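Let me begin by handing over the structure; questions about it come next.
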Amino acid sequence: MMDRAGEALILADLTDEQRAAVSHGEGPLIVVAGPGSGKTRVITRRVAWLIATGAAPPWQILAITFTNKAAEEMRRRIDDLVGAGTGVLVSTFHSFCARTLRRYGPPGRTESFAIYDEDDQRACVKRVVEELRLDEKVFRPADLLAKISQAKNRMLSAEDYASGALGFRDDTIARVFGKYEEALARFNALDFDDLLLSMVRLLETRQDVRDALRSRYRYILVDEYQDTNLPQARIANLLAGENGNICVVGDPDQSIYRFRGAEILNILDFERAHPAAREVRLERNYRSTKRILAAAQRLIEHNIARRAKTLYTENDEGDPIRVVRCLSDDEEARWVARAVEESIERGTPPGEIAIFYRVAALSRKFEEELRRRAVRHQVVGAVPFFQRKEVKDVLAWLRVLANPADEQQVRRLAALTEGLGPATLRRVEELAAERGLALLEAMRAVGERGDVRPQERRAVERVVQLLDALAERAREGVGPMLRAIIEETGIERALRSSENPQERARAENVRALVDAGYEFDERRARGGAQGDAGGAGDFREFLDHVALLSPADQAEDEFATVKLMTLHAAKGLEFDDVFIVGADAGFLPLEREGEAPDVEEERRLLYVGLTRARRRVTLTTARVRRTYGQDRSCAPSPFLAEIPREAIEQRGAGGDDLDGAYEPLPSFDVPFARGAESFAPARRNGRAERRPPDFAPAVVRAAAARPSDLVPGDRVEHAVFGKGQVVDITGTGIGTRVKVEFDAVGIKTLVLQYANLQRI
DNA sequence: CCATTCGATGTTTTT
DNA sequence: CATCGAATGG
């Protein structure tokens, strides 16, 4: 424990506001922290201060974050201040709940419950939909799941939903909801939302648990409070108790997870829920230049549902924000990649450069372009490793072992097993129904069905035998178990010998999973984890760990690589040089079919993006963007007009200007200057219409024009089809199609754009 | 039972 | 264009 000097040290280099928050005594505290205002610093210092002053021993402090990554980072910073392994619990809501529920048993489940991720959930909904004989086209499992999750976030039960249902569709959703809940209970499973809801129920119904937890965790700190949903806020408040020691930190302007149930009122109305709360506002920004901050501030002031907050900074004026209007998305990618290169040449460390986009699908072109230029880069949160099919296939074996009631996973095993198809499975299910057995038990008894052929019976037995063999090896650790799985099932071998390079990459994932298992064992052997040493608990813990890992957690912050990520993933990070691409109407705010965009939320999203930057921001737009292989013309995002002009330097890439909304400025890079003037841009409020090929913009025509001096009779070569002769050419611009009679494969019609024909 | 092919269909954001 | 699911043929 620290002395007075240590205490002074904790407060030494803080501003008055920061100090007020850090050294707040008992009772509720809300810290409204603007971007770059030293929020994490305040939390970690406060933890240190509580310990140093003896207000609470470390193990009575609970700090809650949203992502594992944030938790890790916070733990690290707390360790730096107070020493490692002091026992401060830093956890995400979900893993804190999972852990507590495992200890006390969630209502209606046993402690060995499975945690269902989105894939599992969808599969489960799908089964319900089939069971109810609904048309999957009309009732798409993913849509239904979204509705169900939404309801759960609002703490509505299936019955609640049913009683509020309007019309047939709602009624049906309510029925699916109910069946889905039944299925989860039967499988002894909880989905992500249930982890929170069960926790609420546990705290509300079990006074002993509530008291135990309250005396255990006397100080609660919640980061990113603006992103809490109803159950999360309820949990935090139940843990804290009335007038308890709850400290919430956040920024309503950075609330960007409404689609997932985040309730911005939790933070806006915190004081109403806690009349005794003290509020501290952190408005000084230490991160960005004056210009960036001014731009962000002016932008966000267009929101109506917010509480005024005025940020300021003592930092430099800085460079203007670049706004670049490109002729096409291809060119945007080229331009950005070049600008990234240039930034690196100017001395920016690659790891200090980031590219943000609204939708993940946009990443591809930038990736390709960076790869072409050999710029090291990394897509953050691209494909969540532990959610890849091959990884989940392997994990399914462990999951069945951990929770044999999980029929969903048992089915998965069946699907993985050669010779065990739907027909055989149905027979096993019938057997289960007849005898009142669990699916897995029925598989053991498969011999009692006369109508299962020996070949199929053997397949079923293989599954059971492997599970038994794995159970035997459970004490050896997760690594050996995983290894046994891939060896016995031959999954890695099968993938590795595939023709398809993508498949072979999957083999690497399987291998990496086994490695992760061994690493887990090692970490555990070193005494890192708590709980029973070795044995069956091990792989359960491994599964929990894996289930609650998010894509963002996979990011390794390598100093040497440029980062690409969605605007959502950018929250909480900072970079010297930020590129926000795809700043087009329709994309930002993102418009979805049949739904009005949530403009304020989208504006906050851009606000988050802008305020990640320390030194430079570049926003890019494209006149023509390709989606579904179709060209659509786009207007710039309306948000661009909300940024003060004096903070902007506007450029057109391709000898073009910004549609008159801004002063025309000299071009930066002019790959396709000519021909641009012949094209009058459609600037219909984003929702660009599909245009016939002849109206294809000049840029694209220029791009496609290169080989189009082809005439019938020319000899050409194609990468796949080999050599051939051009028979006919139809269409113009991007829609140009070439009919080629190939020597080897006969006549094919190719889209000139993609065919990549070489004249010979 | 399985592999291949064809057609339709689709694009947020994530614990 | 890419991916997925269903249909189809072996």
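Letters A, B, ... mirror the listed sequences (proteins, then strands); counts begin at 1. It should be emphasised that the depicted structure is a prediction, and the values quoted were computed from it without experimental measurement.
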Report task. Determine whether more than 12 heavy atoms belonging to other residues, nucleotides or ligands lie under 6.0 Å from atom CZ of Arg109(A). Result ->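 Counting neighbours around CZ of Arg109(A), more than 12 heavy atoms of other residues, nucleotides or ligands fall under 6.0 Å, so yes.
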Query raised in the report: OP1 or OP2 of dC1(B) less than 4.0 angstrom from a side-chain nitrogen or oxygen of Thr424(A), does that happen here?
Result: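 So the side-chain polar atoms of Thr424(A) do come within 4.0 Å of the phosphate oxygens OP1 or OP2 of dC1(B), strictly under.
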Query - Any pair counted as side-chain hydrogen bond (donor to acceptor under 3.5 Å, both in side chains), so long as it reaches residues 125-136 of chain A, sequence neighbours left out - result: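 Checked against side-chain hydrogen bond (donor to acceptor under 3.5 Å, both in side chains) - neighbours excluded - no pair reaches residues 125-136 of chain A.
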Query raised in the report: With a non-hydrogen cut-off below 4.0 angstrom, is Phe259(A) in contact with a base, only sugar-phosphate, or nothing?
Result: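 Base contact - Phe259(A) has a heavy atom under 4.0 Å of at least one base atom.
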Query raised in the report: Can you name the ring-ring contact (aromatic ring centres under 6.0 Å, His included) partners of Tyr225(A), sequence neighbours left out?
Result: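 Testing Tyr225(A) for ring-ring contact (aromatic ring centres under 6.0 Å, His included), a comparison that skips the adjacent residues, returns Phe270(A).
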Report task. May I have the distance from Asp544(A) (atom CG) to dT15(B) (atom C1'), rounded to whole angstrom? Result ->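 My rounded result for the distance is 14 Å.
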For nucleotides 2-7 of chain B, print each protein N/O atom paired with a nucleotide N/O atom at under 3.5 Å, atom names and distance only.
residue	atom	partner	partner atom	Å
dC2(B)	OP1	Gly419(A)	N	2.7

**Report entry** All side chain to side chain contact (heavy atoms under 4.5 Å, CB included) counterparts of Arg426(A), not counting sequence neighbours
**Finding:**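 Arg426(A) satisfies side chain to side chain contact (heavy atoms under 4.5 Å, CB included) with Pro422(A), Glu430(A) once adjacent residues are dropped.
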Query raised in the report: Can you tell me if NZ on Lys365(A) sees more than 12 non-hydrogen neighbours from other groups inside 6.0 Å?
Result: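 Atom NZ in Lys365(A) is crowded, with more than 12 foreign heavy atoms closer than 6.0 Å.
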Requested in this report: Between Phe192(A) and Arg453(A), just flag the one whose closest nucleotide in DNA chain B comes earlier from the 5' side.
Outcome: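 Taking each residue's closest nucleotide, the earlier one in sequence belongs to Arg453(A).
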Report task. Starting from C1' on dG10(B), measure out to CZ on Arg364(A) and report it in whole angstrom. Result ->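 Going from Arg364(A) (CZ) to dG10(B) (C1'), I get 15 Å.
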Query - Whole-Å gap separating P (dT14(B)) and CZ (Arg122(A)) - result: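 Computing the Arg122(A):CZ to dT14(B):P distance gives 14 Å.
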**Report entry** Separation of dT13(B) P from Asp143(A) CG (nearest whole Å)
**Finding:**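 About 15 Å, once rounded to whole Å.
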Requested in this report: Could you tell me the separation between the CG atom of Leu605(A) and the P atom of dT13(B), rounded to a whole number of Å?
Outcome: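 For the pair Leu605(A) CG and dT13(B) P, the rounded distance is 11 Å.
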Report task. Return the value, rounded to whole Å, for the distance between atom CG of Asn68(A) and atom C1' of dT14(B). Result ->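 Going from CG in Asn68(A) over to C1' in dT14(B) covers 12 Å.
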Query - Counterpart residues, side chain to side chain contact (heavy atoms under 4.5 Å, CB included), relative to Leu573(A) (two or more places apart) - result: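 Leu573(A) satisfies side chain to side chain contact (heavy atoms under 4.5 Å, CB included) with Lys69(A), Met565(A), Phe575(A) only.
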Report task. Taking only the side-chain heavy atoms of Thr67(A) (C-beta and beyond), determine which of dT15(B), dT13(B), dC1(B) contains the nearest atom. Result ->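 Closest of the options to the side chain of Thr67(A): dT15(B).
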Report task. Report yes if at least one side-chain N or O of Arg140(A) is closer than 4.0 Å to OP1 or OP2 of dG10(B); otherwise report no. Result ->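 For dG10(B), OP1/OP2 do have a side-chain N/O of Arg140(A) under 4.0 Å.
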Query - Interatomic distance, Glu136(A) CD vs dT9(B) C1' [rounded to whole Å] - result: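 Going from CD in Glu136(A) over to C1' in dT9(B) covers 14 Å.
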Requested in this report: Taking ring-ring contact (aromatic ring centres under 6.0 Å, His included) as the test, write out the residues that go with Tyr607(A), two or more places apart.
Outcome: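 Per chain and number, Tyr607(A) pairs via ring-ring contact (aromatic ring centres under 6.0 Å, His included) with no residue.
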Query raised in the report: Under 5.5 Å between ring centres and under 30° between planes: true for Tyr257(A) and the base of dT14(B)?
Result: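 No, Tyr257(A) does not stack on the base of dT14(B), since the centre distance and plane angle fail the 5.5 Å and 30° test.
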Query - Distance below 4.0 Å between Thr65(A) side-chain N/O and dT15(B) OP1 or OP2 - result: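 Answer is no, no contact under 4.0 Å.
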Requested in this report: Starting from P on dT14(B), measure out to CD on Glu224(A) and report it in whole angstrom.
Outcome: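 After rounding, the gap between these two atoms is 14 Å.
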